[in-house]
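Inspection log for the structure reproduced underneath, given as structure tokens.
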Amino acid sequence: MKVVLTEGTSRLGVRLADALAQHHSVVVLEGAFRPHAGKWSPAAAAELGKRLHDLTVLVHIPPLLWESPATSPEEEQEQLDVGTRQLYDLLGVAVQQGVKSILYVGSLSVMDGYPKEYVVTEYWRPSPMPNSRDLGLYLGELVVREFARQHRTSALCLRVDEAVWEGDPALVDSLVLLCVQAVESKPGEGVFLVRHVGVQTLRQHGATAGQSAASDEVERR
Amino acid sequence: MKVLVLGAAGWVGRPVVRELGKYHELVLADIVPTDSPHPFIQTDVTVPDQVLRACEGVDAAINLTVFREETQKAFDVNVRGAYNVLHAAAKQGVRRVVHSGPTPHAGRCPGDYANDFGVTEDCPPRPGADRYLLTKFLAEEICRSFALQRRLSVVCIRLYVFSQDARARFVLPETVHEDDLAVAFRLAVEVQDLPSRFEIFQIYCDNPTGRAPIDKAKRLLGFAPRVNYEHVWRRAPR
């Protein structure tokens, strides 16, 4: 099947693209959904439509994952735009091209509003800090959820602990494996699932590869 | 109380200014000038510096800004604009922010509330991918984040259809007369003891259908609409 991957040259994207390419046709989008990418236009939509033609799965790695909270009003505006409007436009084209499922690689930072000593699960309501980066990542989840509901696609959101990006490379390998399984899984139409992916989860997953990526179902619409 | 009204020149802004002007000192802001006698600051809600300046020295801010027609601008005004208002309010020590938007229960998509009754503020929002409903729903979530983490008091007013001179364009239970709506905004600015720093109220006419109850607004805001559903129904064009 055809898989379209955003942020394909990021530290996760490169390895995920390689892993997916072993069994699927992979199209990597790089730079089209970053700050300064420019205003959306019918021409841009048509161009993107050609690249997304006949796709089955969209894997969206938000560029905000690699950014820090903004330090200037201009950066704040860009981060919010990247997290919401640019994703909305991307999903609009993906739906037109018949996307069947969406994988959104989000962040556990959407739970940062809770005290550190709390154990929060997928059943807890997100409580992002009011900065443009964390809000952008959280609002992006909601955009994906509502597209999945409206257009009867399936969507999985992996909220990844940010410690994964700074630690053991084996954790990223395990995350890649999890993402591949998610891409190849077949959840129902209009279903939006969330899974928290912490360091411990990835260590366990690395050791027991083969389990369903979408085992923690929290929201079925 | 000194109250900033952003989007003061709009359809909702005009009756809100009329109502609040009787009780409070107003500062009006909009991207286009108004013909009101109150002090006016030309403000583009998508420009953070302008919003910051407009929020200076006010006790409360009402955000009535909205854009529906085009995606980029809808996100700019409804999402980034809401962020700018809340950010500025937190920075300037504004005590209360009143946000406005359509009910996210109005979306027509799988899993919607089209055939449900007793749809209250507590029902999970299901706006679907409609750009207007979705962007305003995202703005509500920004409000929630600021209220919980920056200790702002934020009241969200959810409305759907409002009528002028008791003539509704649509006969829906979620209709409200503009004068009643304006009173609701005033009450949202004035109310002191709310259960939490983030509260949502749906503001409709009093209607017997039970589809979208306004009990919470009646109980906590003291909202008592003068124009009821029967009145709207009788005056609506056939």
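Only heavy atoms go into these numbers, but all of them, side chains included; no hydrogens, no water, no symmetry mates. Chain identifiers are assigned alphabetically (A, B, ...) following the order of the sequence lines, protein sequences preceding nucleic acid strands; residue numbering begins at 1 within each chain.
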field: Residues of residues 39-54 of chain B with any heavy atom under 4.5 Å of a heavy atom in chain A
entry: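 At a heavy-atom separation under 4.5 Å, chain A is reached by B/Thr46, B/Pro48.
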#### Entry: Contacts of A/Ser107 that satisfy side-chain hydrogen bond (donor to acceptor under 3.5 Å, both in side chains) - sequence neighbours left out
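Residues passing side-chain hydrogen bond (donor to acceptor under 3.5 Å, both in side chains) with A/Ser107: A/Ser109, A/Glu162.
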Looking at [X], I want to see if its [atom1] is surrounded by more than 12 non-hydrogen atoms of other residues, nucleotides or ligands under 6.0 Å.
| X | atom1 | answer |
| --- | --- | --- |
| A/Glu117 | CD | yes |
| B/Lys216 | NZ | yes |
| A/Lys2 | NZ | yes |

Check: [Y] and [X] side chains under 4.5 Å, non-hydrogen atoms:
| X | Y | result |
| --- | --- | --- |
| A/Leu80 | B/Phe75 | no |
| A/Arg152 | B/Pro110 | yes |
| B/Gln72 | A/Asp81 | yes |
| B/Asn84 | A/Gln77 | yes |

### Minimal non-hydrogen separation, A/Ser127 against B/Gln149, with atom names
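Here A/Ser127 and B/Gln149 meet closest at OG-NE2, 3.1 Å.
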Report task. Mind listing the closest non-hydrogen atom pair of A/Arg149 and B/Pro125 along with its distance? Result ->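 Here A/Arg149 and B/Pro125 meet closest at NH2-O, 3.9 Å.
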Checklist line | Interatomic distance, A/Met129 atom CE to B/Arg150 atom CZ [nearest 0.5 angstrom] | finding: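 Reported to 0.5 Å precision, the distance equals 8.5 Å.
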Can you pull out every salt bridge (Lys or Arg N to Asp or Glu O under 4.0 Å) where at least one residue sits in residues 134-146 of chain B? Sequence neighbours excluded, please.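 Applying salt bridge (Lys or Arg N to Asp or Glu O under 4.0 Å) to every pair that reaches into residues 134-146 of chain B, excluding sequence neighbours, yields A/Arg125-B/Glu141, B/Glu140-B/Arg158, B/Glu141-B/Arg144.
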### Part of B/Tyr83 lying under 4.5 Å from any heavy atom of chain A
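Interface part for B/Tyr83: side chain.
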Under 4.5 Å from any heavy atom of chain A - which part of B/Leu134 |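 The answer is the side chain of B/Leu134.
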Task: Interchain contact, A/Glu76 with chain B, by part (heavy-atom threshold 4.5 Å) - done: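 The side chain, not the backbone.
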A/Gln150 side chain vs B/Cys109 backbone, donor-acceptor pair below 3.5 Å: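 Checked: no pair found.
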Look at the side chain of A/Tyr88 and the backbone N and O of B/Ala129, then say whether any donor-acceptor pair between them is shorter than 3.5 Å.
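Present.
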Just to be sure I understand the criterion: a residue of residues 130-143 of chain A counts if one of its heavy atoms is under 4.5 Å from a heavy atom of chain B. Which ones qualify?
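Near chain B, by residue number: A/Pro130, A/Asn131, A/Ser132, A/Leu135, A/Tyr138, A/Leu139, A/Leu142, A/Val143.
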Checklist line | Selection from A/Ala148, A/Gly113, A/Pro73 maximising heavy-atom pairs under 4.5 Å formed with chain B | finding: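 The residue among A/Ala148, A/Gly113, A/Pro73 with the greatest pair count is A/Gly113.
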